[in-house]
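Indexing begins at 1, ligand by ligand and atom by atom, following the structure's order. A quick note: this is a predicted structure, and the numbers were derived from the prediction, not measured.
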Amino acid sequence: MKRVFSAVRPSGELQLGNYLGAISQWVEMQDGYDCIFSVVDYHAITTEYDPKIFPQKIKDHLLFYLAAGIDPKKCTLFIQSQNPNHTELAWLLSTVTTVSELKRMTQFKDKSKKEKIISAGLFNYPVLMAADILLYQTDVVPVGEDQKQHVEIAADIAKRFNYHFGEVFKIPEVKLVKERARIMSLTNPMKKMSKSGEDKARINLSDPDDIIIKKIKSAVTDSGKKIEYSQDKPAIANLLRIYSACSSESIEQIVAKFKGKGYADFKNSLVEVIIKKIGPIRDKKIVLEKDEELYKKIIFEGLEKAELISRETLEKAKRAAGLL
Ligand code: TYM
């Protein structure tokens, strides 16, 4: 069975883009693949964060995976910092990664513009991500479009390591679902929806219905009145993609359904399909968090499995590099 690895950084609030771009793919893949999913807390501390609420954020993320339909009996779930093999392999990989390729990373360029202090951790972020992926001999990495470049650099690093030291790592491939890979902000359709920044630009998985209604009602639209899918109407195109992803109707079907109707009708219906899709996830997560033992049990069992698989690869890599 092919191996899948993917993860979310527990910074900010999980939002609709994370769900549609990544987590919903994981749910679809868990029956056909050997899946490993992590909450990558070491990645989240490369930008400003609050250590006091951090343990809760990590837990919330894992519970949202479960609430979204990830089955811990089928998948391995763990918290990244609890498996030290990740940071150990990251060091080894950093010796075959060049500063110039890290400088080319779009996410580093974007994030370093926003941060007060640009840490070496932020710069080395893609190396740790490569370690996450390569440690599990991963075949496929389901992510949103913004992470494509990072999966590609992981593949380059693997090839280079294999070239110098012999065949150690599998070369991973990225998996995107085109229409769901880049959900845009509700206030600026030229920017991607993200966990940070102004709250009204995104739908959080934890948002109550009335907030979802408010955010969609105030979402920006384009000039004109028609509901049509076109490059010159980026705001409506984004809302149509969200509608399609949440309802499983094609964009053509939705456009046909709203022929002759205006934005208000469209938005009312959009609110309904979003709430139908993510409302149950929010409600299920609230139920799951009442069971204190569940979280501990799942991450304990997941860590054991993850540690075992990753230790084998780490030892292979160290042996190949002349360290054992
Ligand atoms: P992160 O935490 O920023 O995002 C988690 C996942 O959500 C996807 N995503 C989106 N997809 C569509 N539209 C959007 N607006 C949107 N926003 C986010 C991301 O592409 C991602 O798949 N570096 C990674 C975490 C990571 C990782 C890994 C992922 C660390 N190690 C190993 C895969 C494999 C990140 O920051 O994702």
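One side chain, Gln147 or Gln107, offers a donor N or O that lies under 3.5 Å from an acceptor on the other. Ser38 and Asp132 share no donor-acceptor pair across their side chains, judged by distance under 3.5 Å alone.
A side-chain hydrogen bond (donor to acceptor under 3.5 Å, both in side chains) with Arg282 is found for one member of Asn204, Asp207, Asp209 and no other, namely Asp209. When each of Arg202, Lys200, Glu198, Lys215 is checked for a side-chain hydrogen bond (donor to acceptor under 3.5 Å, both in side chains) with Thr187, only Glu198 meets the rule.
Residue contacts with ligand 1 include Arg180, since one of its heavy atoms falls under 4.0 Å from the ligand. Using a 4.0 angstrom heavy-atom cutoff, Ser194 does not count as in contact with ligand 1. Heavy-atom distances between Gln15 and ligand 1 reach below 4.0 Å in at least one pair. Ligand 1 lies within reach of Asp146, whose nearest heavy atom is under 4.0 Å from it. Residue-ligand proximity: Lys195 is placed with a non-hydrogen atom under 4.0 Å from ligand 1.
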Criterion ring-ring contact (aromatic ring centres under 6.0 Å, His included) on Tyr125 and Phe108, from CA distance to verdict: CA-CA 8 Å; Tyr125 182 114; Phe108 174 70; 9.7 Å; no
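Counting protein heavy atoms only, atom 29 (C) of ligand 1 is closest to Ala7 O, 3.5 Å. Ranking protein heavy atoms by distance to atom 6 (C) of ligand 1, first place goes to Ala22 CB, 3.6 Å. Atom 12 (C) of ligand 1 has Ala181 O, 3.1 Å as its closest protein atom, hydrogens excluded (heavy atom only). Here the protein heavy atom with the shortest distance to atom 3 (O) of ligand 1 is Arg9 NH2, 2.9 Å. Annotation: atom 13 (N) of ligand 1 to nearest protein heavy atom, Ile183 N, 2.9 Å. When only non-hydrogen protein atoms are considered, atom 4 (O) of ligand 1 lies nearest to Asn18 ND2, 3.3 Å.
Between Tyr125 and ligand 1, at least one pair of N/O atoms sits closer than 3.5 Å. When only interatomic distances are considered, the shortest N/O to N/O separation between Gly144 and ligand 1 falls below 3.5 Å. In terms of N/O distances under 3.5 Å, ligand 1 is approached by Met193. Where the criterion is an N or O separation shorter than 3.5 Å, residue side chain and backbone included, Gly17 meets it with respect to ligand 1. In terms of polar-atom proximity, defined here as any N/O pair under 3.5 Å, Phe5 makes no such contact with ligand 1.
Linking ILVMFWY side-chain heavy atoms closer than 4.5 Å, directly or via other members, places Phe64 and Ile298 in a single hydrophobic cluster. There is a path of hydrophobic side-chain contacts, each under 4.5 Å, that joins Ile278 to Val271. Ile79 and Leu314 fall into different hydrophobic clusters, where Ile, Leu, Val, Met, Phe, Trp and Tyr are joined by side-chain heavy atoms under 4.5 Å apart, directly or via other members.
The main-chain N or O of Lys73 is found under 3.5 Å from a side-chain atom of Asp71 such that the two form a donor-acceptor pair.
Residue-level proximity to ligand 1 for Ile133 is carried by the side chain, the only part with a heavy atom below 4.0 angstrom. Counting heavy atoms under 4.0 Å from ligand 1, residue Val141 touches it through the side chain alone. Of all the heavy atoms of Val40, the ones lying under 4.0 Å from any atom of ligand 1 belong exclusively to the side chain. Residue Asp132 touches ligand 1 through its side chain alone, judged by heavy-atom distances below 4.0 Å.
Surrounding NZ of Lys148 are at most 12 heavy atoms belonging to other residues, nucleotides or ligands under 6.0 Å away.
Ranked by closest heavy atom to atom 27 (C) of ligand 1, the top entry among Glu145, Met129, Arg182 is Met129. Nearest-heavy-atom check against atom 24 (C) of ligand 1 across Gln80, His43, Gln147 picks out Gln147.
Rounding to the nearest 0.5 Å places CG of Leu134 at 10.5 Å from CE of Met129.
Counting atoms of ligand 1 from 1 in the listed order, those under 4.0 Å from a heavy atom of Gly21 are 11 (N), 12 (C).
Listed here is the closest heavy atom pair of Tyr65 and Ala7: OH-C, 4.1 Å.
Remark: aromatic rings of His86 and Tyr136 are close, center separation under 6.0 Å.
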